[in-house]
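By convention in this document, chain letters (A, B, ...) are assigned in the order of the sequence lines, proteins followed by strands, and residues within each chain are numbered from 1.
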Amino acid sequence: DVKVTQSSRYLVKRTGEKVFLECVQDMDHENMFWYRQDPGLGLRLIYFSYDVKMKEKGDIPEGYSVSREKKERFSLILESASTNQTSMYLCASSFRGLAHEQYFGPGTRLTVT
Amino acid sequence: AQSVAQPEDQVNVAEGNPLTVKCTYSVSGNPYLFWYVQYPNRGLQFLLKYITGDNLVKGSYGFEAEFNKSQTSFHLKKPSALVSDSALYFCAVNELTGGGNKLTFGTGTQLKVEL
């Protein structure tokens, strides 16, 4: 079974803190993704990576950065957390190609106070 | 850019009745369409996909989806709903990007199955 794990299920941070969310997949997938999910807005893509050290902006990259130093690991960084970044964050991975589905981690519920 | 639309925020159905969750798409070229389900406080789970071939696609948990090119639709269906099918359902389309490919999701449809 494909496994995508995220470093925390719940996280509470203060405004201005630097926040790291980590995602690890065990299926040798080329692609990895970070989404945020908010009620009524569905899933919105923040950033994705199609290879080690390669990244591409998604629909809402402002206020976020990412790092992919190893194929299995993809980190999302909030340089200076703000209250409007309170959300559910979902990581996913997939093989390259249009025919391949994405596999999702359990999500991290981040609250910024 | 490719897109999908889910016109219903919520669908209510009685247990044992057939269910349909609607999705329409807008793509240039051949569509690569997916359905996912999300149970409360969980990540998304893949249900099924349409790549090419038969217009009726079968997936997990007894779900199927019908691809209709003329109506640009990809509706999710199940012949007999269960209370345990109550969840949030997302339709998505895969598209090429500069270096790879990514999914674009609809806003989701909350399915509520009642006794």
Side-chain angles (χ1 to χ4, degrees), chain A residues 1-6 9-10 23 25 27 29-61 66 68 71 74 88-109, chain B residues 1-10 21 23 25 27-53 57 59-60 63 65 74 87-110:
Chain A
D1 268 359
V2 176
K3 195 152 189 182
V4 180
T5 57
Q6 295 184 228
R9 290 300 306 272
Y10 300 93
C23 175
Q25 50 97 2
M27 278 301 291
H29 286 161
E30 296 92 357
N31 294 337
M32 295 190 75
F33 307 83
W34 275 107
Y35 297 88
R36 65 177 280 176
Q37 183 178 11
D38 300 287
L41 297 177
L43 271 74
R44 293 180 292 167
L45 182 64
I46 304 171
Y47 267 100
F48 68 102
S49 168
Y50 49 89
D51 204 345
V52 174
K53 298 189 187 295
M54 305 304 290
K55 62 184 179 185
E56 214 169 295
K57 290 181 180 179
D59 302 314
I60 52 164
V66 290
R68 192 164 179 205
K71 191 174 186 180
F74 191 36
M88 170 70 87
Y89 289 87
L90 292 167
C91 175
S93 69
S94 76
F95 288 116
R96 192 174 294 152
L98 293 172
H100 296 290
E101 59 272 24
Q102 291 181 16
Y103 293 87
F104 282 79
T108 296
R109 172 79 61 187
Chain B
Q2 328 272 41
S3 66
V4 290
Q6 295 180 243
E8 300 157 318
D9 290 336
Q10 181 159 323
V21 183
C23 174
Y25 65 88
V27 305
S28 53
N30 295 323
Y32 292 80
L33 299 163
F34 298 77
W35 275 103
Y36 285 82
V37 60
Q38 185 179 35
Y39 297 101
N41 299 314
R42 304 274 295 274
L44 274 69
Q45 294 179 35
F46 167 71
L47 276 178
L48 51 80
K49 62 184 175 184
Y50 174 82
I51 305 302
T52 187
V57 179
S60 306
F63 283 94
F74 187 54
L88 187 56
Y89 290 81
F90 290 98
C91 179
V93 60
N94 214 349
E95 62 178 315
L96 290 172
T97 70
N101 56 277
K102 64 174 185 175
L103 285 174
T104 298
F105 287 85
T107 51
T109 299
Q110 185 72 47

Legend entry - Exceeds 12 heavy-atom contacts within 6.0 angstrom, atom CZ of B:Arg42: no
Legend entry - Under 4.5 Å from a heavy atom of chain B, the part of A:Asp59 involved: side chain
Inset, instruction - Under 4.5 Å heavy-atom distance to chain A, tell me which part of B:Lys102 shows up: side chain, backbone, both or neither. - result: both
Legend entry - Under the salt bridge (Lys or Arg N to Asp or Glu O under 4.0 Å) test, residues paired with A:Lys55 that sit two or more places apart: none
Inset, instruction - Heavy-atom distances under 4.5 Å only: say whether B:Gln110 touches chain A with side chain, backbone, both or neither. - result: neither
Legend entry - Partner set under side-chain hydrogen bond (donor to acceptor under 3.5 Å, both in side chains) for B:Thr97, not counting sequence neighbours: A:Glu56
Inset, instruction - Measure across B:Leu96 and A:Leu98 and return the closest heavy-atom pair with its distance rounded to 0.1 Å. - result: N-CD2, 3.7 Å
Inset, instruction - Mind checking the CD-CG spacing from A:Glu101 to B:Leu47? Nearest 0.5 Å is all I need. - result: 11.0 Å
Legend entry - A:Ser94 OG to B:Phe46 CZ distance, which is reported to the nearest 0.5 Å: 11.5 Å
Inset, instruction - Below 4.5 Å from any heavy atom of chain B, which atoms of A:Tyr50 appear? Answer side chain, backbone, both or neither. - result: side chain
Inset, instruction - Go through A:Gly97, A:Gly105, A:Gly107, A:Gly40 and name the one with the most non-hydrogen pairs under 4.5 angstrom from chain B. - result: A:Gly97
Legend entry - Minimum-distance pair of heavy atoms, taken over all atoms of A:His100 and B:Lys49: CA-NZ, 4.4 Å
Legend entry - Side chain to side chain, A:Tyr35 and B:Leu103, heavy atoms closer than 4.5 Å: yes
Inset, instruction - Measure B:Tyr36 against the heavy atoms of chain A and call it side chain, backbone, both or neither at under 4.5 Å. - result: side chain
Inset, instruction - For A:Lys71, look at atom NZ and say whether over 12 heavy atoms of other residues, nucleotides or ligands are found less than 6.0 Å away. - result: yes
Inset, instruction - Identify which of A:Arg109, A:Gln37, A:Met88, A:Arg44 forms the greatest number of heavy-atom pairs closer than 4.5 Å to chain B. - result: A:Gln37
Inset, instruction - Please report the shortest heavy-atom distance between A:Phe104 and B:Leu44, naming the atom on each side. - result: CB-O, 3.4 Å
